[in-house]
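Working notes, beginning with the structure itself.
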Number of protein chains: 2
Amino acid sequence: MLKAQFDHTNCSDCPIRHRAVCAHCDVDELEALEGIKYYRTFEAGQTVIWSGDQMNFVGSVVSGIASLTQTMEDGRTQMVGLLLPSDFVGRPGRETAPYDVLATTDLVMCCFRKKPFETLMGSTPHIAHRLLQMTLDELDAAREWMLVLGRKTAREKIASLLSIIARRDASIAPKQKPGPIVFDLPLTREAMADYLGLTLETVSRQISALKKEGVIELEGKRHVTIPDMRRLMDEAGDDSDGGFLV
Amino acid sequence: MLKAQFDHTNCSDCPIRHRAVCAHCDVDELEALEGIKYYRTFEAGQTVIWSGDQMNFVGSVVSGIASLTQTMEDGRTQMVGLLLPSDFVGRPGRETAPYDVLATTDLVMCCFRKKPFETLMGSTPHIAHRLLQMTLDELDAAREWMLVLGRKTAREKIASLLSIIARRDASIAPKQKPGPIVFDLPLTREAMADYLGLTLETVSRQISALKKEGVIELEGKRHVTIPDMRRLMDEAGDDSDGGFLV
DNA sequence: GGTTCCACTTGATCTCAGTCAAGGTTTCGT
DNA sequence: ACGAAACCTTGACTGAGATCAAGTGGAACC
């Protein structure tokens with residue numbers, strides 16, 4: 001039994017809550033994964049993969065944040081997804097990347113070579129199922145975000161983003177106290193603007209406004225405290241506190 | 001061999017290009033599908049399923065158009081997907097619908113009872129694969145649409161929508177001549193506005209403008225001719241004519 | 001310790017799309 | 001044929017967010 005080599009205690013890099021398909025948590029056929037799994041690290045700002053490039057791996061984020069970004073010829077850009085630790089990247093059965101993947105912060109990814117991974121998927125229906133589930137989740141998140149982009153005001157957009165990051169952060173370090181939520185913004189104002197379909201100036205102004213009105217507290221430019229999560233979510237226009245994730 | 005009972009000639013309702021998982025095209029285990037497949041029809045404006053409802057079927061659109069819509073408490077709505085003939089609806093492994101499904105026109109759907117369908121999926125990896133592929137396509141389309149919602153001008157949004165409908169229409173009746181493209185708009189101005197994150201007045205104005213400038217021709221309010229597809233796509237800000245579909 | 005660079009903030013102004021309002025057309029029921 | 005209800009168009013005005021521009025604060029690098 002090879003399992004011992006790959007169990008959680010042997011893999012300090014991977015967080016326990018590895019939602020993605022991963023040797024440590026999901027696959028008994030560990031022999032099949034030996035040699036096709038590897039780690040890659042990126043510095044903040046580096047491009048993981050360019051839109052249109054050959055994509056010969058799939059994988060999941062171990063630490064750091066990556067973004068999926070689309071760009072028009074004239075330079076307008078829209079972030080179409082945010083990859084937080086445990087999120088999966090890649091398209092089984094797709095040759096090229098449909099958008100740029102950028103390391104927003106320093107980034108560690110746990111990758112699998114694509115071909116063998118696909119083979120494994122063919123012989124392990126359980127993985128295909130898992131992947132389908134995850135893709136459906138992503139689709140829901142994308143569609144939820146369409147409502148944000150299409151119908152919310154700048155202020156609501158900012159509040160929506162903050163509450164997503166807060167919730168996501170809390171679930172990774174699930175010390176869910178009833179008290180204030182504290183986290184560091186992993187995105188620059190510009191990255192937030194690209195995610196929200198705004199300009200960085202508008203982002204800055206709205207954050208200042210939320211701060212002045214006490215909805216959030218700021219220490220420096222990135223360290224955020226949310227004294228009352230309920231209030232933030234009201235600002236976001238969300239009714240359901242039902243957990244949609246990025 | 002039961003196949004004869006279900007082959008294309010026996011199913012006048014279903015279009016040949018049934019992209020979805022369907023007894024006629026994809027499954028040899030036809031016995032398994034007998035009794036779990038049925039047709040439902042809806043009139044324009046009817047609700048197929050409400051957000052939050054129990055969803056006990058999956059299926060695909062045979063004819064007509066359905067929309068996936070999200071609504072905020074204050075009534076703002078955003079369409080998050082358009083279901084054209086051959087598109088799939090439903091969430092294997094999900095209990096409740098995440099958004100409203102509305103019949104935008106008169107609608108015929110080819111449905112499968114969910115439980116047996118899931119069972120079948122478990123025993124037929126081929127279907128799970130197909131479904132994963134389709135979900136990934138939908139995800140790409142949703143993300144492409146995020147760029148439209150977040151970064152395009154009203155004019156570009158209209159042009160984007162028209163070119164999607166035109167392309168989609170052409171692929172269903174693939175008589176792809178190089179000449180002008182002709183089709184009927186399946187959406188009201190209001191529905192277009194909900195899809196594009198605009199108001200119906202703005203939609204109307206932009207369509208009038210495109211008409212005045214000869215980018216499109218209109219006969220009545222719905223019958224559209226596109227004399228030069230290339231020009232429309234320039235207006236949409238799309239560079240790649242690469243086929244992204246709704 | 002100063003210079004440089006980068007991320008951010010704030011102000012002034014402009015513009016695109018939203019809002020409010022009125023009127024036109026088509027369709028459908030009686 | 002008439003009236004009502006959808007659906008669509010157009011105009012005048014308003015306002016949220018974009019654009020342009022100047023300035024602040026902190027970290028890194030000689």
Side-chain angles (χ1 to χ4, degrees), chain A residues 43-45 65 72 74-78 104-106 148-162 184-213 216-224 235 237, chain B residues 43-46 72 74-78 102-106 148-162 184-213 216-224 235 237:
Chain A
E43 282 172 35
I65 297 197
M72 294 171 68
D74 61 8
R76 282 177 282 179
T77 71
Q78 175 67 49
T104 297
T105 63
D106 289 348
V148 173
L149 289 174
R151 292 300 184 196
K152 291 195 178 179
T153 64
R155 187 186 175 98
E156 288 169 332
K157 286 178 174 182
I158 296 288
S160 297
L161 181 57
L162 290 175
D184 282 307
L185 272 177
L187 301 174
T188 65
R189 301 290 185 261
E190 187 178 21
M192 289 190 245
D194 280 344
Y195 200 26
L196 296 166
L198 297 171
T199 58
L200 70 91
E201 292 95 329
T202 299
V203 170
S204 181
R205 273 186 255 270
Q206 294 300 334
I207 288 181
S208 297
L210 289 175
K211 178 184 171 188
K212 191 151 63 182
E213 295 168 34
I216 62 173
E217 285 155 27
L218 263 186
E219 201 183 309
K221 290 147 197 304
R222 299 293 194 89
H223 193 74
V224 180
E235 293 287 351
Chain B
E43 283 172 34
Q46 259 189 296
M72 295 170 68
D74 62 7
R76 282 176 281 178
T77 71
Q78 175 67 49
L102 293 164
T104 298
T105 64
D106 289 349
V148 174
L149 289 174
R151 292 299 183 195
K152 291 195 177 178
T153 64
R155 187 187 177 98
E156 289 169 331
K157 285 178 175 183
I158 297 287
S160 297
L161 180 58
L162 290 175
D184 282 306
L185 272 177
L187 301 174
T188 65
R189 300 290 186 263
E190 189 179 19
M192 289 190 246
D194 281 344
Y195 200 26
L196 296 166
L198 297 170
T199 59
L200 69 91
E201 293 96 328
T202 299
V203 171
S204 182
R205 271 185 256 272
Q206 295 300 333
I207 288 181
S208 297
L210 289 175
K211 178 185 170 187
K212 191 151 64 184
E213 296 168 34
I216 62 173
E217 286 156 28
L218 263 186
E219 200 183 309
K221 290 151 197 306
R222 299 292 196 90
H223 192 75
V224 181
E235 293 287 350

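Quick note on labels: first sequence line is chain A, next is B, and so on, each numbered from 1. Just the heavy atoms: all of them, side chains too, but no hydrogens, waters or symmetry mates, feed the values below.
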Each nucleotide in nucleotides 25-30 of chain C should get exactly one letter: B, S or -. Can you fill that in based on protein heavy atoms under 4.0 Å? ------
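Salt bridge Arg155(A)/Glu213(A): present, at least one basic N to carboxylate O contact under 4.0 Å. Under a 4.0 Å N-O distance rule, the pair Glu219(B)/Lys211(B) does not qualify as a salt bridge.
Within the 4.0 angstrom heavy-atom criterion, base atoms lie near Leu200(B). Using a 4.0 Å heavy-atom criterion, one finds that Arg222(B) contacts the sugar-phosphate atoms exclusively. As judged by a 4.0 angstrom heavy-atom cut-off over every strand, Gly45(A) is placed among residues making no nucleic acid contact. Using a 4.0 Å heavy-atom distance criterion, Thr188(B) is classed as a sugar-phosphate-only contact.
Residues Ser204(A) and Glu201(A) bring no donor and acceptor atom of their side chains to less than 3.5 Å of each other.
Between Thr202(B) and Gln206(B) there is a side-chain heavy-atom pair separated by less than 4.5 Å.
Between Leu149(B) and Gly150(A), the closest heavy-atom pair is CD2-CA, 4.3 Å. The shortest non-hydrogen separation linking Arg151(A) to Gln78(B) is CG-OE1, 3.6 Å.
The distance from the OH atom of Tyr195(A) to the OG1 atom of Thr104(A) is 10.5 Å, given to the nearest 0.5 Å.
Within residues 201-209 of chain B, the residues approaching DNA chain D are Glu201(B), Ser204(B), Arg205(B), Ser208(B), by heavy-atom distance under 4.0 Å.
Comparing dG17(D), dC8(D), dA17(C) by their nearest atom to the side chain of Thr153(B) picks out dA17(C).
Counting only Watson-Crick or G-U wobble pairs whose defining distances are both under 3.5 Å, the stems of 3 or more consecutive pairs in DNA chain C are C:1-30 with D:1-30.
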Test side chain to side chain contact (heavy atoms under 4.5 Å, CB included) on Lys157(B) and Met192(B); report intermediate values, then the result. CA-CA 10 Å; Lys157(B) 285 178 175 183; Met192(B) 289 190 246; over 6 Å; no
